Amino acid sequence: MAQYDFRQVERRWQERWQHDGTFTAADAPDARKKYYTLVMLPYPSGDLHVGHAKNYTLGDAVSRMSRMLGYDVINPMGWDAFGLPAENAAIQRGVDPASWTRANIDNMRRQVRLMGTSYDSTREIATCDPEYYRWNQWLFLRLYERGLAYKRQAPVNWCPQDQTVLANEQVIDGTCWRCGHAVERRNLSQWFLKITDFADRLLADLDGLPGWPERTKTAQRNWIGRSEGVQFSLAVEGADVHIAVFTTRVDTIFGVTFLAVAPEHPAVTAIKAIVSSERAAQIDAFAQSLSSKSELERTSLMEKQGLFTGAFAIHPLSHERIPIWVTNYVLADYGTGAVMGVPAHDQRDFEFAHKHGLAVAQTIAPQGAEIDGPLDAAFLDDGHLIASDDFTGMSSARAREGIAERLMAMGVGSKTVNYKLRDWLVSRQRYWGTPIPIVYCERDGEVPVPDDQLPVLLPPDVPITGEGSPLARDPAFVNTTCPKCGGPARRESDTMDTFFESSWYYLRYLDPHNDRAPWAADKAARWMNVDQYIGGAEHAVLHLLYSRFFYKFFHDRGWVTGRDEPFERLFHQGMLLRNGAKMSKSSANVIGIDETAETNGVDAMRLFLLYATPPEDTMEWSDEGISGRVRMINRIWRACEPHLENNLSQAIPLRELPPMADAREQALIRAVHVAAKSAIDETASRRFHYNATIAKFDEYVNALTALTRERPDSAAVRYAARALPLTIAPFAPHIAEELWSRMGHAGSVHLERYLEVDDRALAQDEITLVVQVNGKVRARMALPTGTGQIEALAAALAHAGLRQHLEGKEVRKQIFIPDKLLNLVVG
RNA sequence: GGGAUGGUGGUGGAACAGGCAGACACAGCAGACUUAAAAUCUGCAGCUCGAAAGGGCGUCCGGGUUCGACCCCCGGCCAUCCCACCA
């Protein structure tokens, strides 16, 4: 008996699939329904580990399964190749980011193939290719034309030690991830994308995505943060300025005892002009002390601080004088940058008022109750209004309407919707990204690079030191001529956030070599939308929100048709841990693909990754666990081996069930169809709990192994052996292909139709009827399928084991579930 | 503080629709084969009382609904993740 040589077999079929283009998707449609499976494209960091493998194995199984179920499948793959790690490698090791990235892509492509991934390699893309980022720039210009890309001054995270800007995710508890130095805020001129224009659609259309996890939709809803309220303004006493505030609780307006503004608020300048010079100096000092503090520090870590400006605002309804304070906890860029302070009905305001000795005026009382003494915390619920002029006595809900109308009639207020979502900052002072295609001319100002001059190429050989923007220091890149007037001009030296590339890559896969457009509309119409998207939950509000924004823009421009959502169904993978930590080089807990494939084989690795937990769960890697799947592969081989080359003439068509000689053969045939049914159901339901499917295959293989020993030539055994490569193909593709081929088939098993589940095979002649007495299981009886209640009761009464539970008692009630259960209530 | 998800043997997990709890596997124990080991095969295995037959308990805890609850409802505990001075 020859040992199964997985190394040789796996390598041979991987080369064959690549050579034959087995998984190439044709652009010409056929009679089948299209199916677009997509996994989030990886960053080429160097080496794939089994954590990556967990993600790609699921996508690959879904893709292969869908193809075998009769869909016209497209399953592309690419590289999210721009980003900071390449620059860090450049700084630390002096390598060129481009060469470093290319080498990583080459290595990881090898590893993706080593995993036996069934992706269409003719559609592979790398976002750092000029042929790709050219279209980034083109899309940026289309956004620019519509006013959706714009430049403005904005505060960013800045590390004074490393002399560089940091992304939000690189700020760990207010410090720089690399050097640990406290991060500051700096005002820099930055490019933004106006995602806020789409806030209402991005929110509303979540309701039309039943194929998305609820938690992801909730996360996006929270992030967009829509709130309805009223905006109104208060005049500043003695100055010609008004301060607008936004509130969701306008019913508490008579409880306002102070006005809190952000130190950056524009009205602060006017206020400084009307107060004493000492006050003005104090305000400046207060603003200065906060200017470099990060938002996290100001809002979450620091105590509530404030300074009375010396100025007053006039309450629009009561005409009382309201002291104006500058505070650390009011954010300049949410709402209007100013808040009405209602200590009695807002906990933040309550704490602030207590600390600074401000008045607390209760204007809402619990429904049906009166106030009983001073508050020891803000009263946040709705109720009825007290001490509120002619609104006194109204319910909160009615007062919100009435007060809003009064303010509108007075011309000082309006109903408003506010969003937490802010415009997307896409500028990065980094080298390894897409250059922003804008030049600055002394005469013409900000000028977009014309389409026919794209791409603006990223220059090679730029020194990267980790200090400041590398492109800004490259005169050959920065100095250019104005496309409009031909005069001297300066190129934008910022590059784009890498999330720009990943917001539309799924469209480029559909037309990867197009040099006239990012994609052709007919290709998009052929394949979009993505039927099943698979990736980590960490992108719930980043990539997945940006992509929806882009797709809506594309849809509005008519570049894509159908619905304006890119991803029909979304599935979040669980993480893979080892020793309780996420696999990473820094944790030194990485299990590499190459080593695992070499020692255990790729099929065993794939089976283990699918088998160990449901795919959405966090998984702990286990060196022992994979050995069980190695055994399974070997059992599959031994079970099928007697049915290889010699038995070709005895091939049994899989659609024809062999006659079943006895209960054991029936059980074997049943195991075949139970496993196949599980694979089909888990795919169709999009639950993808292939862990349960593979357990069914264990039972199938165990039954086959046992019966093969006794009667290797029975029709049932031959049928079950020949069905095995076909049914296990999506999960263990290499051994399946090898067995299929050795059984005499010419084509690839992966292009075959999956086994059709036959109800006759699933049916059983005999079932186990559970007999309960007063709800407790007291006996199990083997009975013919379809036994009626009367016969079942008779059998139960005759059952020796039940006598002690029934003797001398009256059966008062029977519950009978056919072929399952008989519950006798006695007393 | 708010929200989401979850809590089942020594371990990973199964039970898809309220109907046999613990499938399948890992680790373990015993046996067969072997000079021996590996590999392979067979058997045992929730806890507990009992020699056995058989009984009692058992899906985080406490209640409830039901003939019957891992599953549904109420209250609590714990864990993980997300959001969090958003006015």
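So you know, we letter chains A, B, ... as the sequences are listed, proteins then strands, and number each from 1. For the numbers below, each heavy atom of this structure counts, side chains included, while hydrogens, waters and symmetry mates do not. Here the structure is a predicted model, which means the values were calculated and not measured.
A/T257 contributes atom OG1, which lies 10.0 Å from atom NE2 of A/H315 (distance to the nearest 0.5 angstrom).
Of the possible polar contacts, one joining the A/N328 side chain to the A/Q305 backbone as a donor-acceptor pair under 3.5 Å is found. Of the possible donor and acceptor atoms, none in the side chain of A/Q772 sits under 3.5 Å from a partner among the backbone N and O of A/N774. No side-chain donor-acceptor contact under 3.5 Å links A/K696 to the backbone of A/H673. Looking at A/R670, its side chain never comes within 3.5 Å of a backbone N or O of A/Q764 through a donor-acceptor pair. Looking only at distances, a side-chain donor or acceptor of A/Y700 sits under 3.5 Å from a matching main-chain atom of A/A720. For the pair A/R629 (side chain) and A/L609 (backbone), a donor-acceptor distance under 3.5 Å is absent.
Rounded to an integer number of Å, the gap from A/M632 CE to B/A39 P is 19 Å. Rounded to a whole Å, the CH2 atom of A/W212 is 17 Å from the C1' atom of B/A4. What separates CD1 of A/I224 from P of B/A84 is a distance of 14 Å, to the nearest Å. The interatomic distance linking A/R709 (CZ) with B/U40 (P) rounds to 13 Å, in whole Å. The CH2 atom of A/W621 sits 15 Å away from the P atom of B/C26 (whole-angstrom rounding). Rounded to whole Å, the distance from CG on A/L259 to P on B/A87 is 17 Å. We find that CD of A/Q220 is positioned 16 Å from P of B/C82, with the value rounded to whole Å. We find that CZ of A/R226 is positioned 22 Å from P of B/C83, with the value rounded to whole Å.
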Can I get a per-line list of side-chain donor-acceptor pairs under 3.5 Å for residues 703-711 of chain A, giving both atom names and the distance, sequence neighbours left out?
{"from": "A/T705", "atom 1": "OG1", "to": "A/V701", "atom 2": "O", "distance (Å)": "2.7"}
{"from": "A/T708", "atom 1": "OG1", "to": "A/L704", "atom 2": "O", "distance (Å)": "2.6"}
{"from": "A/E710", "atom 1": "OE1", "to": "A/R664", "atom 2": "NH1", "distance (Å)": "2.7"}
{"from": "A/E710", "atom 1": "OE2", "to": "A/R664", "atom 2": "NH1", "distance (Å)": "3.0"}
{"from": "A/E710", "atom 1": "OE2", "to": "A/R664", "atom 2": "NH2", "distance (Å)": "3.3"}
{"from": "A/R711", "atom 1": "NH1", "to": "A/D662", "atom 2": "OD1", "distance (Å)": "3.4"}
{"from": "A/R711", "atom 1": "NH1", "to": "A/D662", "atom 2": "OD2", "distance (Å)": "3.1"}
{"from": "A/R711", "atom 1": "NH1", "to": "A/E665", "atom 2": "OE2", "distance (Å)": "3.0"}
{"from": "A/R711", "atom 1": "NH2", "to": "A/D662", "atom 2": "OD2", "distance (Å)": "2.9"}

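Here, B/A69 and B/G63 have their P atoms 14 Å apart, quoted to the whole Å. For the P atoms, the distance from B/C41 to B/G54 is 32 Å, rounded to whole Å. The same atom, C1', is picked in B/G9 and in B/G22; the two are 7 Å apart, to the nearest Å. Taking atom P on both B/A15 and B/C70, the two are 16 Å apart, rounded to the nearest angstrom. Rounded to a whole angstrom, the distance from the C1' atom of B/A14 to that of B/A23 is 5 Å. Atom name C1', nucleotides B/C61 and B/G7: the rounded distance is 12 Å, in whole Å. Going from the C1' atom of B/C71 to that of B/C20 covers 16 Å, rounded to whole Å.
Here A/E624 lies in heavy-atom contact (under 4.0 Å) with sugar-phosphate atoms only. When heavy atoms are screened at a 4.0 angstrom cut-off, A/G628 is found touching the sugar-phosphate backbone but no base atom. Heavy atoms of A/K820 sit under 4.0 angstrom from primed sugar atoms or phosphate atoms, though from no base atom. Contact annotation for A/R812: no contact, since no heavy-atom pair falls under 4.0 Å across all strands. No engagement by A/S622 is indicated, since no non-hydrogen atom pair under 4.0 Å with the nucleic acid exists. Among the atoms of the strands shown, only primed sugar atoms or phosphate atoms (P, OP1, OP2) are found under 4.0 Å from some heavy atom of A/H805.
The A/T613 side chain lies nearest to B/G12 when the options are B/G19, B/G12, B/C26. Checking B/A84, B/C26, B/C67 against every side-chain atom of A/W223, the shortest atom distance belongs to B/A84. The side chain of A/R215 lies closest to B/A4, out of B/A4, B/C26, B/C41. Here the nucleotide nearest the side chain of A/A692, chosen from B/U40, B/A14, B/C67, is B/A14.
A donor N or O paired with an acceptor N or O is found under 3.5 Å between the base of B/C20 and the side-chain atoms of A/R780. Taking only distance into account, the side chain of A/N823 meets the base of B/C67 through a donor-acceptor pair shorter than 3.5 Å.
Nucleotide B/A27: unpaired (no Watson-Crick or G-U wobble partner with both distances less than 3.5 Å). For B/G75, the paired nucleotide is B/C61, the pair qualifying as Watson-Crick or G-U wobble because both relevant distances are below 3.5 Å. Base pairing of B/U66 is not made with any nucleotide, judged by Watson-Crick or G-U wobble geometry with both donor-acceptor distances under 3.5 Å. Figure legend. B/C33 is base-paired to no nucleotide; pairs are counted as Watson-Crick or G-U wobble with both atom distances under 3.5 Å. Across all strands shown, B/A4 pairs with B/U80; the Watson-Crick or G-U wobble distances both stay below 3.5 Å. Figure legend. B/C85 is base-paired to no nucleotide; pairs are counted as Watson-Crick or G-U wobble with both atom distances under 3.5 Å. B/A53 is unpaired under the Watson-Crick or G-U wobble criterion, no partner having all donor-acceptor distances under 3.5 Å.
Checking the phosphate oxygens (OP1, OP2) of B/G54, no side-chain nitrogen or oxygen of A/R778 falls inside 4.0 Å. Between B/A87 and A/S227, a contact under 4.0 Å exists linking OP1 or OP2 to a side-chain N or O. The side chain of A/K776 places an N or O atom within less than 4.0 Å of a non-bridging phosphate oxygen (OP1 or OP2) of B/C57. Between B/A87 and A/Y334, a contact under 4.0 Å exists linking OP1 or OP2 to a side-chain N or O. Within the structure, a side-chain polar atom (N or O) of A/N691 is placed less than 4.0 Å from OP1 or OP2 of B/A14. Distances shorter than 4.0 Å separate none of the side-chain N or O atoms of A/R221 from OP1 or OP2 on B/C83. Between A/R629 and B/C24 there is no side-chain N or O to OP1 or OP2 distance below 4.0 Å.
Remark: the A/D819 side chain and the A/T785 side chain contain no N/O donor-acceptor pair separated by less than 3.5 Å.
Relative ring orientation between A/Y690 and A/F688 is described as tilted, the plane-to-plane angle lying within the 30° to 60° band.
Residues from residues 697-705 of chain A lying near RNA chain B, meaning a heavy-atom separation below 4.0 Å, are A/D698, A/E699, A/N702 in numerical order. Residues of residues 671-687 of chain A having a heavy atom closer than 4.0 Å to RNA chain B, listed by number: A/R687.
Within the 4.5 Å cutoff, no side-chain heavy atoms of A/N589 are placed close to those of A/W621.
Residue whose closest nucleotide on RNA chain B sits further toward the 5' end, between A/K813 and A/E214: A/E214. Residue whose closest nucleotide on RNA chain B sits further toward the 5' end, between A/L821 and A/A695: A/L821.
Under a 4.0 Å N-O distance rule, the pair A/R221/A/D207 qualifies as a salt bridge. For the pair A/R638 and A/E641, the salt-bridge criterion is not met [side-chain N within less than 4.0 Å of a carboxylate O].
Counting heavy-atom neighbours within 6.0 Å of A/K355 NZ, excluding the residue itself, gives a total above 12.
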